[in-house]
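Only one structure is covered here, and it is reproduced in the block below.
What you see is a predicted model, and the numbers here were worked out from it, not measured in a lab. The chains referred to below are lettered A, B, ... by the order of the sequence lines, with proteins before strands, and numbering in each begins at 1.
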Amino acid sequence: MNFKYADSYILQLLNNFIFEPGGVVDGKHPGKHRSFSIGRSLEFVQHREYTPTDDLKYIDWKVYARRDRFFIKQYYQETNLESWIFIDCSRSMWFPENTKEVTKYEYANYLASYLSYILLKQGDTVGIAKFDNKIKYLLEKSSKEKFYYKILQFLEEETVGQQTKFVNIIDEIFKFVKKRMFLIFISDLIVNNELEIVRLFKKISSYGINILILHIIHPKEYDLNWIQENKIIFEDIEYLNQITTEIYEIKNLYQKEFKKILEYYKKELNDKNVHYFVINTKLPVLENLRLIISQK
Amino acid sequence: MIKFYNQYILFFLPLSLLPVILHFLFSKKTIKIKFTYTSLIEKILIQNFSKNKIIDIIILFLRCLIIFLLIIYFSRPVMYLNPKQKNLDLIIAIDTSFSVRQKVLNTTKFEILKEKIKNLLKFLKNKNVKIKLLLFDEDIKVLNETFDFSSDELIEKINNIKPSYKSTNIKTLFNYISSFSELDIRRNYYKIIIFTDFAEHILKDSFVSYDINKISREILFCYPEIVSTNIGIESLYLEDKNDDIVINCLYFISGKEIKNFNAKLFIGFKHIDTVNVDIEKKKFVFNYLSNEKNFFGKILLPNDSLIEDNEFYFLNNISNNEEVFCFIKEREYYTGFKSKKFYFEKLNIPRISFKIVSSEENLKNKNLIIVDEEKINDLLSSFSFDNKLVIFPKEKIDYEDYEEFLKEIEIIEFQKDNPNPYSITLAESSEFNEYFNRFDYEKIWVKNKFLINIEKNSSWITLLKFNDGKPALIKKNGIFFFTFPIDQSNTNLLYKPIFLGLLKFIFLEKKQNLNKNYYFISDKISLLDDKIIKINNFITTTYNIEDSYSYEDNSIIFNIPGVYEVFLESKNKLYVAVNINPEEGKVDLIEKNRIKDYIKNINLSFLNTQKTSFEKELYNWCIGKEYSQNVMYFIILFFIIETLLSRIVYKRLI
């Protein structure tokens with residue numbers, strides 16, 4: 001069976017990839033990630049004095065021989081990662097329209113596909129959702145490897161959304177997301193107010209939720225040199241408003257302002273629990289994935 | 001009140017909206033692009049709108065303004081002076097020279113000018129403009145001494161004026177105005193209108209260095225732009241070849257081109273000969289075979305627009321043969337071809353008889369002397385400057401030995417790159433040049449004549465130069481000095497025509513004006529110490545003889561063309577042929593730009609009287625002040641601002 005967003009060659013390469021969310025997680029099943037709770041695993045934490053309710057098999061007999069007192073040996077519990085991938089399917093993600101180039105939406109789907117593949121492969125639980133002004137489509141999380149086919153089917157369903165409203169979707173997210181879960185947002189972050197986005201993401205992270213924001217930009221969006229004509233009517237794909245201007249007047253200023261926004265996101269959205277990456281669709285997906293994984 | 005000289009140009013005023021139209025025309029060519037970050041673009045536009053848009057609007061406005069002002073500039077705005085507030089002094093100078101007699105259909109140029117002046121005077125009535133009327137040809141005549149308001153009296157004066165036979169001398173006019181304005185310091189601003197036909201000698205060398213700045217006024221030239229054909233005699237000279245008199249006529253054709261024409265020779269009142277003049281050649285020749293040596297004659301040319309009887313009068317006066325003493329020191333056994341004497345004896349110049357002398361004693365107080373001797377200083381001590389002395393240096397003489405003579409010579413530049421080995425350049429003496437031009441020597445190519453001013457009268461004048469720039473013939477007072485010797489074979493004298501030409505020039509150079517074949521009107525004819533008893537005009541009696549001439553500084557000046565018989569107190573009779581100056585017949589319109597070159601630093605305007613809007617423009621000029629210049633300053637200023645702003649925009653876009 002052929003899927004649009006799964007290339008067998010790339011999938012083969014991804015088998016060697018290990019994705020670490022960074023920090024502790026709180027999964028239901030044992031896994032490869034360090035858990036907040038202490039249990040059985042290889043990673044030693046501390047010694048604690050024995051109390052009568054403790055299991056005798058955890059007593060460190062070597063310490064008893066030296067000290068003549070009972071000490072319990074404690075280890076971190078290793079658990080799996082519970083993650084959610086949120087794909088922005090608003091209208092702006094369909095840029096560039098009516099060309100043979102890969103749209104931002106398609107690129108986001110590729111990213112989601114391969115990320116979920118890596119996560120499932122390492123036994124993590126993956127849930128996936130598409131959103132615009134609300135969460136539109138949701139695929140409940142699973143850690144089974146076969147679940148990947150479901151994800152691919154889910155991604156292939158083309159959905160053109162409306163305008164993005166992060167406020168709405170954050171409220172919805174809180175309904176099913178728990179502490180120490182791992183959320184991946186793949187979006188172009190086109191909103192009227194950048195401050196609002198930063199505020200919302202910080203709010204989520206303050207609940208102990210790990211967030212990875214993948215900001216998708218198309219090369220045509222930050223460099224306007226591809227426009228040859230001078231007098232241009234810019235029609236917004238998402239908001240449908242029109243702006244008439246002379247390209248030479250705004251070209252340089254636009255580029256500066258665009259850089260400023262990216263710098264702002266980079267500065268504000270790189271926190272303890274929040275990680276921000278700019279994904280340029282000019283680069284191959286695999287390249288971007290390598291960058292994300294290596295920098296994490 | 002603002003008026004415009006070229007009102008029709010104002011129809012182009014809507015063109016000043018061209019930048020706006022173009023702006024909108026190009027703005028229409030837009031393309032639609034579907035995009036994402038429009039909010040960012042909107043933000044940029046909002047932030048920069050005020051600055052960029054204002055600059056763009058200013059540039060657009062400036063461009064409109066520049067075009068608007070350019071149209072205003074070409075329409076020549078005139079602001080009328082308020083007559084109640086300001087007095088204007090106007091000098092109207094009217095050309096009354098001979099050339100204004102030129103016929104134009106049923107009238108003459110002068111009548112046209114008169115009509116225009118009368119209309120101007122009528123217009124200026126009741127305006128606060130004071131007028132002074134001047135008539136000018138070679139002299140100035142003032143019609144009203146003080147500046148007067150325009151009145152019927154002034155118009156009547158204009159009615160009564162008639163053109164003279166004299167030439168135009170615009171320099172005299174400027175001299176008069178200049179001296180007049182210096183006297184009347186209180187009046188510091190005049191406007192001058194010169195009604196002329198431009199057939200003046202304005203381009204003559206005398207005018208070149210004229211200091212016009214003294215006047216520093218606004219001058220308007222009003223001229224009738226009418227081109228017609230005129231034919232006239234430029235100069236005439238007679239050659240006496242035994243019984244045959246050759247009459248050489250150099251003529252000019254001015255204005256439109258014409259075909260070949262007939263010229264008739266009259267001796268006395270009798271028709272002698274007619275020649276068909278080929279206009280390809282510059283001169284025509286009559287041969288008059290007669291025993292009669294003293295006569296007056298005329299050349300009759302076809303009628304032109306200027307003169308009804310297109311005649312040129314001349315006289316033939318025979319003077320006694322001149323004796324030329326040739327002082328040649330050579331060994332007595334030199335005879336025949338080896339002897340210089342032999343060649344001097346063979347020299348055949350009409351009315352000149354050569355006498356070879358070998359003693360210095362015989363030379364004292366002789367009129368013409370040719371010397372082939374190195375002891376020049378001895379000769380000079382006994383030489384009177386009323387005589388003529390022609391000096392040939394000794395054979396094979398070193399040129400440098402004559403430094404004494406040459407150090408004062410004014411050297412004129414020679415064109416070195418001329419490959420013609422026979423070329424010579426004529427020098428300062430105009431009379432010599434004129435004389436020399438008449439010889440048709442083969443292989444000798446005479447370059448354009450040119451004159452330079454000799455400040456010191458006493459210095460040597462170079463009459464002829466060699467190719468290398470060295471002087472060949474120099475002159476000082478009555479001494480003519482050939483800088484090269486008669487060569488060994490003596491052939492210079494006979495076989496090189498240049499020698500003959502030069503000797504002819506020297507011998508026949510007029511000692512006095514009295515023997516001239518003809519004069520022009522206003523030429524001064526010196527009577528020396530003699531006085532006039534009576535004057536007759538042979539040709540016409542229509543004019544009062546008293547008006548025909550004037551007498552000043554012991555000279556007589558004729559004002560009307562004709563042949564005159566002057567009875568002198570010394571019981572001698574003097575015959576004079578007087579003609580109109582040929583320059584007056586050259587009515588080709590002078591280029592305005594050339595006049596501008598001659599009269600610098602003054603606001604010059606030109607107005608064609610034949611123009612339909614002539615009167616309107618004339619009145620505007622008289623009582624208005626033109627602001628085109630000021631408008632141009634604004635155009636330049638706005639253009640600079642526009643350029644600077646465009647540069648800012650350009651930097652922004654790049």
Side-chain angles (χ1 to χ4, degrees), chain A residues 88 90-99 103-105 163-164 187-194 216-218 220-224 226-262 264, chain B residues 15-67 638-654:
Chain A
D88 186 351
S90 64
R91 288 192 71 90
S92 63
M93 288 293 281
W94 288 86
F95 181 82
E97 273 189 340
N98 307 324
T99 58
T103 62
K104 291 193 286 183
Y105 177 72
Q163 295 168 6
T164 325
S187 171
D188 55 8
L189 299 181
I190 293 180
V191 283
N192 287 329
N193 193 350
E194 289 86 24
I216 297 222
I217 55 166
H218 193 275
K220 281 184 178 175
E221 282 178 323
Y222 66 79
D223 184 4
L224 298 182
W226 57 279
I227 302 169
Q228 298 299 318
E229 292 78 6
N230 186 24
K231 201 84 183 172
I232 307 288
I233 301 170
F234 285 105
E235 190 183 4
D236 198 285
I237 297 174
E238 195 164 309
Y239 295 92
L240 301 172
N241 57 327
Q242 288 188 349
I243 293 164
T244 309
T245 183
E246 282 171 28
I247 193 73
Y248 295 111
E249 255 183 42
I250 56 146
K251 202 159 67 176
N252 295 341
L253 285 168
Y254 174 85
Q255 220 154 337
K256 274 184 196 170
E257 286 295 318
F258 199 91
K259 262 187 187 173
K260 259 190 201 175
I261 291 173
L262 296 186
Y264 173 74
Chain B
L15 278 180
S16 49
L17 289 173
L18 202 67
V20 179
I21 294 163
L22 286 174
H23 176 80
F24 285 111
L25 213 66
F26 284 112
S27 338
K28 275 185 180 176
K29 285 184 179 178
T30 52
I31 62 153
K32 203 181 258 186
I33 287 175
K34 289 195 171 181
F35 200 64
T36 49
Y37 283 88
T38 50
S39 56
L40 188 62
I41 294 169
E42 202 171 354
K43 192 178 141 192
I44 292 163
L45 287 175
I46 291 165
Q47 277 174 2
N48 297 288
F49 175 82
S50 49
K51 191 182 148 196
N52 293 349
K53 276 288 168 201
I54 286 170
I55 290 175
D56 289 351
I57 289 166
I58 289 171
I59 290 173
L60 198 63
F61 175 72
L62 281 175
R63 284 174 186 169
C64 291
L65 197 64
I66 288 169
I67 297 175
F638 291 144
F639 185 76
I640 292 166
I641 297 170
E642 196 269 345
T643 314
L644 292 173
L645 287 177
S646 300
R647 218 176 146 69
I648 293 169
V649 173
Y650 181 74
K651 274 186 181 172
R652 188 178 80 206
L653 297 181
I654 294 299

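Between the NZ atom of B:K32 and the NZ atom of A:K231 there is a distance of 15.0 Å, given to the nearest 0.5 Å. Of the inter-residue distances, the one linking A:Q255 atom CD with B:L40 atom CG reads 11.0 Å to the nearest 0.5 angstrom. The structure places OG1 of A:T245 at 7.5 Å from CD1 of B:I41, a figure rounded to the nearest 0.5 Å. With rounding to the nearest 0.5 Å, the separation of CD1 in A:I261 from NZ in B:K43 is 5.5 Å. Rounding to the nearest 0.5 Å places CD of A:E194 at 7.0 Å from OG of B:S39. Of the inter-residue distances, the one linking A:E246 atom CD with B:D56 atom CG reads 7.0 Å to the nearest 0.5 angstrom.
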_Check against side-chain contact (heavy atoms from CB on, under 4.5 Å), A:I233 and B:I31_ = CA-CA 6 Å; A:I233 301 170; B:I31 62 153; over 6 Å; no

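Only the side chain of A:I217 comes within less than 4.5 Å of a heavy atom in chain B; its backbone stays farther off. A:E221 touches chain B through backbone and side chain together, each having a heavy atom under 4.5 Å away. With a threshold of 4.5 angstrom between heavy atoms, A:I243 approaches chain B through side-chain atoms but not through N, CA, C or O. The parts of A:F258 that come within reach of chain B are both its backbone and its side chain, each placing non-hydrogen atoms under 4.5 angstrom from that chain.
Within 6.0 Å of OH on A:Y264 lie more than 12 heavy atoms contributed by other residues, nucleotides or ligands. For B:F639, the CZ atom counts as loosely surrounded, since its 6.0 Å shell holds 12 or fewer non-hydrogen atoms of other residues, nucleotides or ligands.
A side chain to side chain contact (heavy atoms under 4.5 Å, CB included) with B:T36 is found for exactly one of A:K104, A:R91, A:H218, namely A:K104.
Under the side chain to side chain contact (heavy atoms under 4.5 Å, CB included) criterion, A:L224 pairs with A:W226, A:I227, A:I247, A:I250, A:K251, A:Y254, B:F35, not counting sequence neighbours.
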